[in-house]
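Notes for the one structure printed next.
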Amino acid sequence: MGFSKYLIHWYSNNKRDLPWRQTKAPYYIWLSEIILQQTQVKQGLPYYESFTEKFPTVFDLSKADESDVLKLWQGLGYYSRARNLHATAKHIVKELKGEFPNNYKDLLKLKGVGDYTASAIASICFNEVAAVVDGNVYRVLSRYFGINTPINSSKGAKEFKALAQELIDKKKPAEFNQAIMEFGATHCTPQKPDCNTCPFNKSCIAFNKNKINELPVKIKSAKAKKKYFNFLVFISGDGKTILEKREGKGIWQNLYQFPLIETNTNVDVNTLKKLVKEHDLIKGMSFQLSLYNKDVVVHKLSHQHLYTKFWVVNVNKLLVNGISTQDIHNYAVPILIGNFIETFNF
DNA sequence: AACCCGGGGTC
DNA sequence: GACCCAGGGTT
C-alpha cells in the first residue's frame, strides 16, 4: 500500500473522536478551523463547545456584538481571528444569504481564511481535491521525504503545497487531509515522535538517516522585544475602577485593560508617582500609590516580552465614568489582565 | 521577504 | 530563562 492509502487506513483506526468530526456543515467546520489555527485541540476544544452553544448558526453569530464574540474568545489569543470570524459571519448572512462559498477559490476570499483554511473547508465539506498544509503536514512530509527546504520560506511553502497536492487521494481528499494532520498531531510529533511503532519507519528518510530531530528546517525568528508595562488599577471611594478599550493596531486590539503607562525600563515607586501625577486621569488630584506585585510579572508573547507591574491607585473619586468593580468580569481582557483580576479581590 | 499577532508547553 | 509550536494579514 502506498503512503497516501496507508495514511487513510491508519486514520480510520486511530482518529480521535472530536465534535467537529460529527458534521460536514460548513459553519461548524469553518468555526473549528479558525479556532484551531495556531492552537492545539486541547486548548481549542472548550472554545468550540462554547461558541457552538452560544451561536448555533451563522445567523446567531452575525447578530452578536463584537464585544460578546471577543469575550467568548478571551484567553485563546490571536484576537484578529475573533474579529474576522464575526465580520465574516456578517458578510455571509448579508451578502451570501447565509450560504458559505462551496469551493476553495471563493472560500479564500473570506476574511481570516487563507490557503490552509480554504483547503480544509473545501475538502471536508465539498470533497474538493485541495491539499492542506499546516504545521503537521510540514513536519510529516519533511521527515518522510527528507526535505531540507525551510518550511517558513516562500520556496518551502510552494514546494510542500505542491507535494501535498500530488499526494492527496483524489477520491478521498477529506480523509487524506485529516489523516496526515492527525498523524502529525498524535504520532509524528515535534518532540519525541514514536518512530519505533511508526508504520512508515521502513521508508521514512529522516528516521533512516537519523535526522528526525533536524527536520523540519525552520528559519529562526527575531528575538522578542522587551516592553515595560505599568497598569494603573484605580480604586475609588465609591467602589469603581477604570478599564480602557485598546484602540489602534497593536496587540489586544479592542480588548480592555487598566490605564497603561509604558516606560523604557523597570521603574520604582517614586518614578511612577511623578508619571501618575501628570496623568490625565489625575490632574492634581490627591492619590495613594502602591505596587501590587512585588515581583515583576513577565508575560511572553511571540514577539514581545512584557515586564508588567500592577499599581493600585487609591483616589476619592474618579474624573471619568468608571465601572463598578463587580462588573469587571463582563469585559474581554487579555489573559495578563485576567490573571491579575482573578488574584486581586475587587 | 520581514514582521506582527497570544498563549501554552517542555527542558 | 531559552526554546518550541503554529495560519493569516500587513507592510
Side-chain angles (χ1 to χ4, degrees), chain A residues 30-47 70 73-88 104 107-121 130-143 149-158 160-161 164 177 180-181 184-186 188-193 212-227 229 246 248-255 257 295-308 332-340:
Chain A
W30 167 69
L31 184 57
S32 70
E33 292 299 345
I34 302 296
I35 287 173
L36 293 173
Q37 287 170 1
Q38 306 292 102
T39 304
Q40 306 212 327
V41 166
K42 189 186 168 199
Q43 193 192 0
L45 188 53
Y47 288 84
L70 283 171
W73 198 271
Q74 177 176 312
L76 198 53
Y78 287 125
Y79 296 94
S80 66
R81 290 185 292 169
R83 298 190 300 268
N84 287 335
L85 186 83
H86 183 233
T88 291
Y104 168 84
L107 284 161
L108 201 52
K109 294 174 186 165
L110 301 175
K111 263 190 194 176
V113 174
D115 186 273
Y116 164 76
T117 307
S119 303
I121 300 172
V132 295
V133 184
D134 76 339
N136 296 302
V137 177
Y138 279 124
R139 189 167 56 255
V140 172
L141 294 183
S142 68
R143 285 176 175 167
T149 315
I151 60 172
N152 54 346
S153 64
S154 52
K155 184 166 181 283
K158 281 179 200 153
F160 283 95
K161 176 79 182 181
N177 276 343
I180 191 167
M181 291 192 286
T186 65
C188 190
T189 48
Q191 273 104 32
K192 299 181 184 175
I212 282 292
N213 293 320
E214 296 163 39
L215 293 171
V217 174
K218 207 171 175 182
I219 299 163
K220 294 263 181 268
S221 51
K223 267 179 95 176
K225 293 187 176 95
K226 292 183 178 182
K227 293 200 166 194
F229 279 10
R246 284 187 69 97
K249 290 236 163 189
I251 56 171
W252 303 328
Q253 192 188 344
N254 294 3
L255 273 69
Q257 67 178 14
D295 297 317
V296 61
V297 175
V298 186
H299 186 73
K300 292 176 175 177
L301 289 61
S302 304
H303 286 79
Q304 299 178 21
H305 289 181
L306 310 177
Y307 293 76
T308 309
V333 297
I335 209 75
L336 173 63
I337 304 291
N339 287 343
F340 168 80

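Naming convention: chains lettered A, B, ... in sequence-line order (proteins, then strands); numbering from 1 in each chain.
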Any side-chain N or O of Lys225(A) under 4.0 Å from OP1/OP2 of dC4(B)?
->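 Yes, Lys225(A) has a side-chain N/O under 4.0 Å of OP1/OP2 on dC4(B).
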In whole Å, I'd like the distance from the [atom1] atom of [X] to the [atom2] atom of [N].
X: Tyr104(A); N: dG7(C); atom1: OH; atom2: P; value: 15 Å
X: Arg246(A); N: dC5(B); atom1: CZ; atom2: C1'; value: 12 Å
X: Lys223(A); N: dC3(B); atom1: NZ; atom2: P; value: 15 Å
X: Gln40(A); N: dG7(C); atom1: CD; atom2: P; value: 10 Å
X: Lys220(A); N: dC3(C); atom1: NZ; atom2: C1'; value: 8 Å
X: Tyr138(A); N: dG7(C); atom1: OH; atom2: C1'; value: 9 Å
X: His305(A); N: dC4(B); atom1: NE2; atom2: P; value: 13 Å
X: Arg81(A); N: dG9(C); atom1: CZ; atom2: P; value: 12 Å

Could you list the residues that satisfy side-chain contact (heavy atoms from CB on, under 4.5 Å) with [X], not counting sequence neighbours?
X: Ser119(A); answer: Tyr104(A), Asp115(A), Ala130(A), Val132(A), Lys161(A)
X: Thr39(A); answer: Gln43(A), Leu76(A), Arg81(A)
X: Leu45(A); answer: Pro19(A), Trp20(A), Glu49(A)
X: Gln74(A); answer: Lys71(A), Ala332(A), Val333(A)

Where the side chain of Gln304(A) is defined as all heavy atoms beyond and including C-beta, which of dG7(C), dC5(B), dC5(C) is the nearest nucleotide?
->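 Taking heavy atoms from C-beta onward, the closest nucleotide is dC5(B).
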Side chains of Gln253(A) and Arg246(A), donor plus acceptor under 3.5 Å =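 Arg246(A) and Gln253(A) do not have a side-chain donor-acceptor pair below 3.5 Å.
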In residues 111-121 of chain A, which residues come under 4.0 Å of DNA chain C by heavy atom?
->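 Under 4.0 Å from DNA chain C: Lys111(A), Gly112(A), Val113(A), Gly114(A), Asp115(A), Tyr116(A), Thr117(A).
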Hey, does Arg83(A) reach any base, or is it just sugar-phosphate, or nothing, if we go heavy atoms under 4.0 Å?
->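 Nothing: the residue Arg83(A), judged by heavy atoms under 4.0 Å, touches no strand.
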Counting any heavy atom closer than 4.0 Å, what does Lys155(A) reach on the DNA or RNA strands: base, sugar-phosphate only, or nothing?
->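 Since no nucleic acid heavy atom lies under 4.0 Å of Lys155(A), the category is nothing.
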Want to settle it: does Ser153(A) or Ile251(A) sit nearer the 5' end of DNA chain B, counting the closest nucleotide to each?
->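 That would be Ser153(A).
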Partner residues of Lys218(A) under the side-chain hydrogen bond (donor to acceptor under 3.5 Å, both in side chains) criterion, sequence neighbours left out |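 Checked Lys218(A) against side-chain hydrogen bond (donor to acceptor under 3.5 Å, both in side chains); zero matches.
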Once the angle between the rings of His299(A) and Trp252(A) is folded into 0 to 90°, is it parallel (under 30°), tilted (30 to 60°) or perpendicular (over 60°)?
->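 Correct class here is tilted.
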Please list, for nucleotides 7-11 of chain B, all pairs of protein and nucleotide N/O atoms separated by less than 3.5 Å.
residue, atom, partner, partner atom, Å
dG7(B), OP1, Tyr79(A), OH, 2.6
dG7(B), OP1, Ile335(A), N, 3.2
dG7(B), OP2, Trp252(A), NE1, 3.3
dG7(B), OP2, His299(A), NE2, 2.9
dG7(B), O3', Gly75(A), O, 3.4
dG7(B), N7, Lys300(A), O, 3.3
dC11(B), OP1, Lys192(A), NZ, 3.2

Pairing residues for Lys155(A) by the salt bridge (Lys or Arg N to Asp or Glu O under 4.0 Å) criterion, not counting sequence neighbours =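 If we apply the salt bridge (Lys or Arg N to Asp or Glu O under 4.0 Å) test to Lys155(A), skipping adjacent residues, the hits are Glu159(A).
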Just jot down the ring pair (Phe, Tyr, Trp, His ring centres under 6.0 Å) partners of Tyr47(A), sequence neighbours excluded, or say none.
->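 None.
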